[in-house]
Amino acid sequence: NNDDFDAYPAWSPNGKQIAFSSERDGDWEIFVMDADGTNVRQLTDNDDNNGTPTWSPDGEKIAFVGGWNGDFQNNPSDYEIFVMDADGTTVRQLTNNDVDDFQPAWSPDGDQIAFESYRDGNDDIFVMDAEGTNVQRLTTNTASDLAPAWSPDGKQIAFYSGGADSEIFVMDADGSNVRQLTS
């Protein structure tokens, strides 16, 4: 309960904590709190904006978007994917390019992170090893493909695609067998 904007909540795997983004310190940072809203702790503290936290399946790490210094909602300048220990220490940058990388999503086994990227001229879904290596493009169409979400067994990735009339799709985790689910 504050006068600032709080957004992008993400439950810890054990359900005891919620990570979220807030601009309560003047720019967007990552915070974590107990599931009842108490014990709020700031994890990131830098001049860049940080958002969209997502927990690793074991609860040991948090991936997030950061490294840009534009207006988080209206004028982004360069999103990159980062990962840190769940206590905010050991921050590592996983992606590094001149375009936006956004919406990290851990695979259920914690070995990979799916994300959306503009690196090939429009938003597509990519996957990389949890250490930021072995980046592979999974979607290759002219529509924007956004917000990857892994199936619980790690065999499929759901995402939405399109523009003003976006639809939900699902594909195998290697990018094959793309199927449109909504119409």
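Just so you know, residue 1 is the first one in the sequence shown, and it goes up from there.
Listed here is the closest heavy atom pair of G59 and A86: O-CB, 3.5 Å. Of all the heavy atoms in S151 and P108, the pair that sits closest is O-CG, 3.2 Å. Between A7 and F20, the shortest heavy-atom distance links the atoms O-CB, 3.5 Å. A19 approaches I62 most closely through the heavy-atom pair CB-CD1, 4.2 Å. For the pair A130 and R92, the tightest heavy-atom approach, listed with the atom from each and the gap, is O-NH2, 4.3 Å. The heavy-atom pair separating K155 from D153 by the smallest distance is N-OD1, 2.9 Å.
The salt bridge (charged side-chain N to carboxylate O under 4.0 Å, His left out) check on E60 picks up nothing, with sequence neighbours excluded. Shown here are the side chain to side chain donor-acceptor pair (under 3.5 Å) partners of N134, two or more places apart in sequence or in another chain: Q136.
The pair D34-R41 meets the salt-bridge criterion, since a charged nitrogen lies less than 4.0 angstrom from a carboxylate oxygen.
Note: F31 CZ to E23 CD = 10.5 Å, rounded to the nearest 0.5 Å. To the nearest 0.5 Å, atom CG of residue N141 and atom CG of residue D123 are 11.0 Å apart. In this structure, K16 NZ and D36 CG are separated by 12.5 Å, a value rounded to the nearest 0.5 Å. The distance from the CG atom of D48 to the CG atom of D27 is 8.0 Å, given to the nearest 0.5 Å.
With a 4.5 Å cut-off on side-chain heavy atoms, F115 and T95 count as touching. With a 4.5 Å cut-off on side-chain heavy atoms, N50 and W28 do not count as touching. Side-chain contact between L94 and E131: absent, with no pair of heavy atoms (C-beta onward) separated by less than 4.5 Å. Here the side chains of D58 and P13 are not in contact, with every heavy-atom distance at 4.5 Å or above. Contact annotation: the side chain of F126 approaches that of D120 to within less than 4.5 Å [non-hydrogen atoms, C-beta and beyond].
At a threshold of 4.5 Å between side-chain heavy atoms, the hydrophobic network of Ile, Leu, Val, Met, Phe, Trp and Tyr places F102 and L138 in two separate groups. Transitive grouping of hydrophobic side chains (ILVMFWY, heavy atoms separated by less than 4.5 Å) brings F169 and M171 into a common cluster. W106 and V127 sit in two unconnected hydrophobic clusters of ILVMFWY residues. Membership requires side-chain heavy atoms under 4.5 Å apart, directly or through other members. By the criterion of side-chain heavy atoms lying less than 4.5 angstrom apart, applied directly or through intervening Ile, Leu, Val, Met, Phe, Trp or Tyr residues, V91 is grouped together with V32 in one hydrophobic cluster. The cluster map of Ile, Leu, Val, Met, Phe, Trp and Tyr, joined by side-chain heavy atoms under 4.5 Å apart, puts I18 and I30 in different clusters.
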Please step through side chain to side chain contact (heavy atoms under 4.5 Å, CB included) for the pair S21 and D6, ending with a clear verdict.
CA-CA 6 Å; S21 305; D6 299 325; over 6 Å; no

Applying side chain to side chain contact (heavy atoms under 4.5 Å, CB included) to E29 and N46, what does each step give before you reach the verdict?
CA-CA 8 Å; E29 301 293 351; N46 53 57; 4.0 Å; yes

side-chain hydrogen bond (donor to acceptor under 3.5 Å, both in side chains), that's the test. Do T133 and D129 meet it? Break it down for me.
CA-CA 5 Å; T133 58; D129 293 341; 3.2 Å; yes

Can you list the steps and then say if T139 with V178 is a side chain to side chain contact (heavy atoms under 4.5 Å, CB included)?
CA-CA 9 Å; T139 62; V178 177; 5.5 Å; no

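The only option from T44, T54, I81 that meets the side-chain contact (heavy atoms from CB on, under 4.5 Å) definition with F64 turns out to be T44.
Side chain of T182 to main chain of I168: a donor-acceptor pair is present (N/O by atom type, distance under 3.5 Å, no hydrogens or angles). For the pair E80 (side chain) and N97 (backbone), a donor-acceptor distance under 3.5 Å is present. The closest donor-acceptor contact from the side chain of D101 to the backbone of R119 lies at 3.5 Å or more, if one exists at all. With hydrogens and angles ignored, the 3.5 Å screen pairs a side-chain donor or acceptor of W55 with a backbone N or O of A10. Within the 3.5 Å criterion, the main-chain N or O of Q103 finds no donor-acceptor partner in the side chain of T52. A donor-acceptor pair is defined here as one N or O able to donate and one able to accept, closer than 3.5 Å; such a pair exists between the side chain of E167 and the backbone of S183.
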Could you list the donor-acceptor pairs under 3.5 angstrom formed between side-chain atoms of residues 157-165 and any protein atom two or more places apart in sequence or on another chain?
unit_1	atom_1	unit_2	atom_2	d
S161	OG	S144	O	3.4
S161	OG	D145	OD1	2.5

